[in-house]
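Structure, as structure tokens:
In what follows, every chain begins at residue 1, and chains take the letters A, B, ... in the order their sequences are listed. All values below were derived from every heavy atom in this structure, side-chain atoms included, with hydrogens, water molecules and symmetry-related copies excluded.
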Number of protein chains: 2
Amino acid sequence: MILPEPGSRCRGRCGESALTIWKAASIHQWRISRRKKDGTVSNGLPIDQILHGNCVEIMRSLPEGSVDLIFADPPYNLQLGGDLHRPDNSKVDAVDDAWDQIGDFDDYDLFSCGWLEEARRVLKDDGAIWTIGSYHNIFRVGTFLQDMGFWILNDVIWRKSNPMPNFRGTRFTNAHETLIWAAKHKDSKVTFNYQAMKALNDGVQMRSDWTLPICGGGERLKDSDGRKAHPTQKPESLLHRVILATSDPGQVILDPFFGTGTTGAVAKKLGRHFIGIEADEGYIEVARQRLAAIEPGKADAIAVTQSKRALPRIPFGALVEAGLIKPGDTLYCAQGRRTARVRADGSVSSGAEAGSIHQVGARVQSAPSCNGWTFWHVRRHGNLVPIDVLRTKIRAEMDA
Amino acid sequence: MILPEPGSRCRGRCGESALTIWKAASIHQWRISRRKKDGTVSNGLPIDQILHGNCVEIMRSLPEGSVDLIFADPPYNLQLGGDLHRPDNSKVDAVDDAWDQIGDFDDYDLFSCGWLEEARRVLKDDGAIWTIGSYHNIFRVGTFLQDMGFWILNDVIWRKSNPMPNFRGTRFTNAHETLIWAAKHKDSKVTFNYQAMKALNDGVQMRSDWTLPICGGGERLKDSDGRKAHPTQKPESLLHRVILATSDPGQVILDPFFGTGTTGAVAKKLGRHFIGIEADEGYIEVARQRLAAIEPGKADAIAVTQSKRALPRIPFGALVEAGLIKPGDTLYCAQGRRTARVRADGSVSSGAEAGSIHQVGARVQSAPSCNGWTFWHVRRHGNLVPIDVLRTKIRAEMDA
DNA sequence: GGCGTTTTTGAATCGCTGA
DNA sequence: ATCAGCGATTCAAAAACGC
């Protein structure tokens, strides 16, 4: 592997950049192996499968602009010293697996450039990516995302309700991990189920900090000896929120570091398709068994609160056409002080002003804009009823 | 200014690095102006002063390895679009000040390299740095810290109890900011008052996520027109925790982006020295008046817990942090005959006795135990109010 | 003055569609 | 590509207001 001159004080960003080096040397040395397709293939995509191998290699074999969402939990490149013991002298089972040891920052940068570039190629133009990490790696991943043209939408904090304490008393308890949610481009129209997130959070906007327990109990996969099958298995609750918020049923979610398949498990439960890539055959076997036992989510069970933006557009004139409002009827604001008259073509007039319900509503308030559907009301049985209620009626008839 | 070739898809990390460019071109063009020393000078350091000018220039005039701690709140370089209106059509007063508009990623990287390199030079070998930022800038700052050889100790989340909502329903509420705490070297022996943090957090280890309200109310500095004096004034509670945790009384804390002087204000209250650097004379004037009104912390008031003790049931320290009770304030029993003094970490002292509100309450009564929350009172408007009343207020904020 | 209600505001990368 | 029109969208805390 070609690296910048060693020994320089500033690593990574001195001399040639990791991204430049990556393109020049590493990628072309990889052999793209053909792999056996043993599952469903949709639009050339091997969906609902676990693909075995190096994730960059595998992603290069997938078509450009083909997946809707990527969730990536790359190695954190933890720089551990010696063994860590608890105050009672028991040894902490640290993450010291070979796959987490990428090397110094230069190696880690090359590694990150590699998989991020391929992930970006495979992603649809309106797609998005989630990455998760700790302070060891997330700043580098975030910088690469920005440098590659991804557009960060939020950084999200997974606030662990039950983190491992700092046994030495030398730092603050490392009680969170950081996720980054980014669109492929600045102008990408990404999926965000705002109302579903609001519903999930007791009716108030979902915040950028999520308090969730770490993966344990019956959810934590164990091998035959009772030891945890994977050292960094993520909780399904975390993926549930990610997938519910930023994908729709039927979409394809790619996880290039599949591990024991939490992304696939939650995707299947929520009626999404997944593509998993994993280099370790042992993890793949665990994931296969896990996924086989999961019942796919049914359409009625995975439905979420819809955003009004997704509903069919009804022009105000349709209410007049349907006879729910008659030409000459009076519209009132909520207080009843401001009024407008309905005209036969669905426009309204108030004094000298005339135009759409939105335009006239804005004018009478001297406001820059106005949602006429919620601003204007009609008198029914002595009460003022928002015209939005009549729109709902029209929509219900259309669905019937 | 020399920049990488424009139009390249990958910005910043392609071609010459920002750090290389910085060293080659920008720094040598700066003229180091002599400045008038108008305050105390200790070990060649202009302590407890606000220095006017570009922070890189000023830092170059300070001796190498001379300050104990740096707190830096650099511009976030927000990339705003057009105006943003709330659902009620009121306009959001965005942070669009000229000082926050650094430019594109390349410009911001050069800017960041510049001040970070000088900050590192000025820092003692066993010193540490704190930086704060949002997803717009913090990944780049974190990457540079690592590339320059700083050793990250924690990333800390400031979880805002009352953030501004996302008005368009397009993202998660941006409800947090990220701080990075890093040592100058991997082997630096940094200051960390572990027991004080534990005392401040109800007797359990302080975590990496801190729930604190944004700066408002009487603490928020206003100009003569009643408008906020600075758009991004940080709460003193945040600095209280930073300074109490990672510095000792008498040490020197440098803030290269001093603004209206929150770092200096808390440093003075906690018996630390500060050096503030600020480019805007208007902010300096506000900070000077603010600092002049502050009484320096007395040694007994700013003393913190040095050894283990029994766990208090309630985090009394949160009241100190929030400014509801100040270090040095007096607590009274209901009759006003017995008193205790509040210390900066939420412990209290009475005569030779020191400890939690419960312990000291028990001691002064010669009782086996005591509920400090109902025993102790503070004087407000001439009346004695149980501190439990203040706890209720804190709880409301923390529950958010 | 006191208490209940209304208004204001905070580091923000904040829309979609069709002519 | 640009522009205009539709019409979707806010939480907590403190200050200001009203009775």
- Message: Rounded to whole Å, please give me the gap between NE2 in B:His176 and P in D:dC11.
- Response: 19 Å

- Qualifying salt bridge (Lys or Arg N to Asp or Glu O under 4.0 Å) pairs, either residue in residues 224-236 of chain B, two or more places apart: B:Asp73-B:Lys234, B:Asp93-B:Lys228, B:Asp223-B:Arg227, B:Asp225-B:Arg227, B:Glu236-B:Lys269, B:Glu236-B:Arg290

- Query: So what does B:Pro163 touch, heavy atoms closer than 4.0 Å: a base, only the sugar-phosphate, or nothing?
  - Reply: base

- Do B:Phe111 and B:Tyr108 have their ring centres less than 6.0 Å from each other? yes

- Taking B:Asn154 for its side chain and B:Val156 for its backbone only, find out whether a donor-acceptor pair lies under 3.5 Å. no

- Message: Which is it for C:dT7, anti or syn, if anything within 90° of zero counts as syn?
- Response: anti

- Looking at every strand, decide which applies to B:Gly217 at a 4.0 Å heavy-atom threshold: base, sugar-phosphate, or nothing. sugar-phosphate

- Is A:Arg380 atom CZ crowded by more than 12 heavy atoms from other residues, nucleotides or ligands, each under 6.0 Å away? yes

- Message: At 4.0 Å (heavy atoms only), tell me whether A:Ser356 reaches a base, stays on the sugar-phosphate, or touches nothing.
- Response: sugar-phosphate

- Residue-phosphate contact under 4.0 Å: A:Lys198 side-chain N/O, D:dT10 OP1/OP2: yes

- In residues 339-354 of chain A, which ones come under 4.0 Å of DNA chain D, going by heavy atoms? none

- Task: Identify, residue by residue, the members of residues 225-233 of chain B with a heavy atom below 4.0 Å from DNA chain C, and return them in order of residue number, or none.
- Result: B:Lys228, B:Pro231, B:Thr232

- Task: In whole angstrom, give the distance that lies between atom CG of B:Asn89 and atom P of C:dT8.
- Result: 13 Å

- Identify which nucleotide among C:dG10, D:dT9, D:dC6 has an atom closest to any side-chain atom of B:Pro87, counting heavy atoms from C-beta outward. D:dT9

- Under the 3.5 Å rule, do the base of C:dA11 and the side chain of B:Lys234 count as making a donor-acceptor pair? yes

- Task: Using a heavy-atom cut-off of under 4.0 Å over every strand shown, decide if B:Gly133 touches base, sugar-phosphate, or nothing.
- Result: nothing

- Message: One thing to verify: whether B:Arg159 and A:Asp209 come together as a salt bridge, which I'm taking to mean a side-chain N less than 4.0 angstrom from a carboxylate O.
- Response: yes

- Note on the structure: Separation of C:dG10 atom P from A:Arg207 atom CZ, nearest Å, is 18 Å

- Message: For the P atoms, the ones on D:dT9 and on C:dT8, what distance do you get once it is rounded to whole angstrom?
- Response: 23 Å

- Message: Between B:Phe167 and B:His85 (judged by ring centroids, cut-off 6.0 Å), do the two rings come close enough to count as a pair?
- Response: no

- Query: To the nearest angstrom, how far is B:Arg220 atom CZ from D:dA15 atom P?
  - Reply: 13 Å

- Message: Using the ring centroid of each side chain, check whether A:Trp181 and A:Phe192 are separated by less than 6.0 Å.
- Response: yes

- Protein-nucleotide distance (A:Asn371, atom CG; D:dG5, atom C1'), rounded to Å: 13 Å

- Quick one: what's the B/S/- string for nucleotides 12-19 of chain C, heavy-atom cutoff under 4.0 Å, read 5' to 3'? BBBBS---

- Item | Between P of C:dA11 and OH of B:Tyr283, the distance in whole Å | 12 Å

- Is the phosphate of D:dC6, meaning OP1 or OP2, less than 4.0 Å from a side-chain N or O of A:His358? no

- Check whether any side-chain nitrogen or oxygen of A:Arg313 sits under 4.0 Å from OP1 or OP2 of D:dG7, and answer yes or no. yes

- Query: Can A:Arg207 and B:Thr173 be counted as having a side-chain donor-acceptor contact under 3.5 angstrom?
  - Reply: no

- Task: Please state whether the phosphate of D:dA8, meaning OP1 or OP2, lies under 4.0 angstrom from any side-chain nitrogen or oxygen of A:Arg391.
- Result: yes

- Contact class for A:Gln195 (heavy atom, under 4.0 Å): base, sugar-phosphate, or nothing? sugar-phosphate

- Between D:dT10 and C:dT7, how far apart are the C1' atoms? Round to whole Å, please. 14 Å

- So what does B:Cys215 hit on the nucleic acid, given a heavy-atom distance under 4.0 Å: a base, only sugar-phosphate, or nothing? nothing

- Item | Protein-nucleotide distance (A:Asp209, atom CG; D:dC11, atom C1'), rounded to Å | 13 Å

- Message: Distance alone, cut at 3.5 Å: any donor-acceptor contact between the side chains of B:Trp99 and B:Tyr283?
- Response: yes

- With a centroid cutoff of 5.5 Å and a plane-angle limit of 30°, would you call B:Tyr76 stacked on C:dA11? yes

- Message: Would you measure the distance from the C1' atom in D:dA4 across to the matching atom in C:dT13 and give it in whole Å?
- Response: 25 Å

- Message: Taking salt bridge (Lys or Arg N to Asp or Glu O under 4.0 Å) as the cut-off, I'd like each qualifying pair that reaches into residues 342-363 of chain A, sequence neighbours left out, listed once.
- Response: A:Glu353-A:Arg363

- Task: Using the C1' atom as the reference point in each nucleotide, state the distance between C:dG18 and C:dC14 in Å, no decimals.
- Result: 22 Å

- Message: Ignoring hydrogens and geometry beyond distance, is a side-chain donor-acceptor pair present between B:His176 and A:Asp155 at under 3.5 Å?
- Response: yes

- Task: Report yes if some heavy atom in the side chain of A:Gln195 is under 4.5 Å from a heavy atom in the side chain of A:Gln306; otherwise report no.
- Result: no

- Query: For A:Ile357 and A:Val204, take the nucleotide of DNA chain D holding the closest heavy atom to each; which residue's nucleotide lies nearer the 5' end?
  - Reply: A:Ile357

- Query: Hey, is A:Asp126 close enough to A:Lys189 for a salt bridge, meaning N to O under 4.0 Å?
  - Reply: no

- Task: State whether the distance check finds a donor on one side and an acceptor on the other, under 3.5 Å, for side chain B:Asn137 versus base C:dA11.
- Result: no

- Item | Gap between atoms NZ and P, on B:Lys222 and C:dG10 respectively (whole Å) | 8 Å

- Message: So that I can tick it off, tell me whether A:Lys308 and A:Asp388 are bridged by a salt bridge, with the cut-off set at under 4.0 angstrom between side-chain N and carboxylate O.
- Response: yes

- Query: So, B:His136 and B:Ser134: side-chain donor and acceptor under 3.5 Å apart, yes or no?
  - Reply: yes

- Task: Identify all stems in which DNA chain D takes part, counting only runs of at least 3 consecutive pairs (Watson-Crick or G-U wobble, each distance under 3.5 Å), and give each as one range with another, ordered by first number.
- Result: C:2-10 with D:11-19, C:15-19 with D:2-6

- Message: By the 4.0 Å heavy-atom rule, please label A:Gln359 as base, sugar-phosphate, or nothing.
- Response: sugar-phosphate

- Using only heavy-atom distances, determine whether the side chains of B:Arg140 and A:Thr143 contain a donor-acceptor pair under 3.5 Å. no

- Query: Can the ring centroids of A:Phe144 and B:Phe139 be said to lie less than 6.0 angstrom from one another?
  - Reply: no

- Message: Over all strands shown, is B:Pro74 touching base, sugar-phosphate only, or nothing at heavy-atom distances under 4.0 angstrom?
- Response: base

